[in-house]
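What follows is one structure encoded as structure tokens, with my remarks underneath.
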Amino acid sequence: MSTKRGPLGILVAISLTCAACGSTDSGLTVTAAYTDDSSAVDSTAPTGSVGDATTTSGPATTVPANTAAPATTVPTSIVPTTTTIEAATTVPAPTVPTVPAGWVAAEFGLELYAPHDESNFIGVPSPALPADPNSPLADGIYQADTTRSWSPALPASVDITVHRLEACSLLGEDVCVNYGDPFQADEMGIDESSSLELSLPLDQSIGVGVTGSDCEGVVKSGNGADLLDLFTSFDQAYAIAVVPMLDAGTDQFEILKSLTMTPVQGFSGHSAECSYEGIYEVVFHSGDAPPLLLQTLAATEYDSNGSAVGTRPLAPTDVLILDIIEVKGGVTSLYFYAGFYS
């Protein structure tokens, strides 16, 4: 029987004594030896008897302790990470054009007036109305009417209906006034074939032109906020100075005479230089706004057949008559007339 001792490959000789081997011999000693050919190993192997308590060992072999290899530091190449934080870009809000506040003297061309006699509009055809009611009007001049009387209950806007102006040569005599001559190229009429409903804010985003009268025409321009102030001033003064007399059944001629002779709440007759005895015409003044000439002191109401059925108190939009709107550079301007009608 043999045993290897670890990796040295040395077979240790073991002496076996067989006490009973099926032989008449009193004992048999078997010696087996294995010699490693390696010269680096001691070939002297200890011998002994099986069961012998004493074991003779060969020279001690010093095995060096397991020395751990020095730790190898693997350099890690760290590439600096540069995070570029771009400065926030502030996108400016779209610039909304505004109209300067304050009434100032102005001059308007004929194309910004509607005819108040037997004649036609003067100008050029309007651009096509947008198919989408939310789309803006193209730059140009259009005819317009207020479709809701201004009221302090809904003060911040004015509702209008817009129509195109078209050449009278295309619209014909059913729309335009014909004096027997061919229509001139600048004669325009109202194209009723299409319309557009708009609600415009009474603020600095819209322009306003007003032609009033006191002895003669007074033409001024401002913005929507100025118009709102004028609407409000007229409505409040009218409610104090005129409505109580109307409610009491006072004849309108007597009211005109009273306001002409005794100015109150901004209502008066014409300036002294053009006042005539026996002529009672009332003008409303409010600060530096254009003076408003009142054609009547109450609005006539009509039925569906066009027959007069009564009167009602005036709204500001019964005195300031909207005729024309102009869109220029994206800004809408409304043009009102509050002067003499022929």
Side-chain angles (χ1 to χ4, degrees), residues 94 96-99 106-150 157-203 205-212 217 219-224 227 290 306 317-318 320-342:
V96 178
T98 59
V99 179
E107 293 184 7
F108 306 143
L110 289 178
E111 70 279 4
L112 298 177
Y113 287 96
H116 293 288
D117 55 14
E118 291 298 317
S119 61
N120 299 311
F121 290 83
I122 299 299
V124 297
S126 306
L129 299 179
D132 181 355
N134 296 316
S135 297
L137 287 168
D139 282 13
I141 295 174
Y142 307 79
Q143 189 275 333
D145 300 297
T146 53
T147 51
R148 172 181 64 84
S149 296
W150 182 90
S157 63
V158 59
D159 296 343
I160 68 174
T161 300
V162 180
H163 291 95
R164 291 186 61 252
L165 291 173
E166 185 55 271
C168 286
S169 58
L170 297 178
L171 296 176
E173 295 182 10
D174 292 340
V175 176
C176 297
V177 178
N178 190 342
Y179 292 103
D181 298 323
F183 290 113
Q184 300 301 304
D186 62 352
E187 288 187 274
M188 301 290 135
I190 300 173
D191 181 1
E192 299 279 0
S193 65
S194 61
S195 63
L196 181 66
E197 304 292 324
L198 295 177
S199 182
L200 299 176
L202 293 176
D203 59 22
S205 67
I206 67 169
V208 173
V210 175
T211 298
V219 183
K220 292 189 175 184
S221 63
N223 65 19
L227 182 64
T317 42
D318 294 317
L320 289 114
I321 306 301
L322 176 65
D323 290 314
I324 292 288
I325 69 168
E326 180 185 30
V327 181
K328 187 175 182 180
V331 176
T332 300
S333 295
L334 287 69
Y335 291 87
F336 294 85
Y337 187 80
F340 282 108
Y341 295 95
S342 57

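Quantities reported herein were computed from a predicted structural model and do not represent experimental measurements. Every heavy atom of this structure was used, including side-chain atoms; hydrogens, water molecules and symmetry mates were not.
Side-chain contact between S199 and D159 is present, with at least one heavy-atom pair separated by less than 4.5 Å. Proximity of D323 to H116: side-chain heavy atoms (C-beta onward) are separated by under 4.5 Å at one or more points. Counting heavy atoms from C-beta outward, L202 and W150 have side chains that approach closer than 4.5 Å. A 4.5 Å side-chain heavy-atom check between D203 and N223 finds every atom pair outside the cut-off. Within the 4.5 Å cutoff, the side chain of T317 has no heavy atoms near those of the L322 side chain. In this structure, V219 and P290 have side chains that are not in contact, with every pair of non-hydrogen atoms separated by 4.5 Å or more. A 4.5 Å side-chain heavy-atom check between N178 and F183 finds at least one atom pair inside the cut-off.
Y142 meets the side chain to side chain donor-acceptor pair (under 3.5 Å) test with no other residue; sequence neighbours excluded. Contacts of E187 classified as salt bridge (charged side-chain N to carboxylate O under 4.0 Å, His left out), with partners at least two apart in sequence or in another chain: none. Residues forming a side chain to side chain donor-acceptor pair (under 3.5 Å) with S193 (at least two apart in sequence, or on another chain): D191. A search for side chain to side chain donor-acceptor pair (under 3.5 Å) contacts involving Y337 returns nothing, not counting sequence neighbours. Taking the side chain to side chain donor-acceptor pair (under 3.5 Å) definition, one finds that T161 meets it with E197, sequence neighbours left out.
Distance check, rounded to the nearest 0.5 Å: CZ of F108 to OG1 of T211 gives 5.5 Å. In this structure, the separation between OG on S157 and CG on L198 is 11.5 Å, given to the nearest 0.5 Å. Considering CE of M188 and SG of C168, their distance stands at 7.0 Å, rounded to 0.5 Å. Of the inter-residue distances, the one linking Q143 atom CD with I190 atom CD1 reads 3.5 Å to the nearest 0.5 angstrom. Rounded to the nearest 0.5 angstrom, L200 CG and S333 OG are separated by 10.5 Å.
Remark: side-chain polar atoms of S221 are not paired, donor with acceptor, to backbone N or O of V208 under 3.5 angstrom. Of the possible donor and acceptor atoms, none in the side chain of N120 sits under 3.5 Å from a partner among the backbone N and O of C176.
The heavy-atom pair separating L196 from P133 by the smallest distance is CD1-CA, 3.9 Å. Smallest separation of non-hydrogen atoms from V331 and P97: CG2-CB, 3.4 Å. Between I324 and A114, the shortest heavy-atom distance links the atoms CG1-N, 4.3 Å. Nearest heavy-atom pair across P125 and A167 is CG-N, 4.4 Å. When all heavy atoms of I325 and I160 are compared, the pair lying nearest together is CG2-CD1, 4.2 Å. S195 and H163 make their closest contact through CB-NE2, 3.5 Å (heavy atoms, listed as atom of the first residue, atom of the second, distance).
Listed by first and then second residue, the salt bridge (Lys or Arg N to Asp or Glu O under 4.0 Å) pairs that reach into residues 120-145 come to none, sequence neighbours excluded.
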Inset, instruction - For side-chain contact (heavy atoms from CB on, under 4.5 Å), just list the numbers for L112 and I141, CA-CA rounded to whole Å, side-chain angles, deciding distance to a tenth of an Å, and then say yes or no. - result: CA-CA 8 Å; L112 298 177; I141 295 174; 3.9 Å; yes
Inset, instruction - Under the side-chain contact (heavy atoms from CB on, under 4.5 Å) rule, what do T332 and L137 come out as? Steps first, then yes or no, please. - result: CA-CA 9 Å; T332 300; L137 287 168; 5.5 Å; no
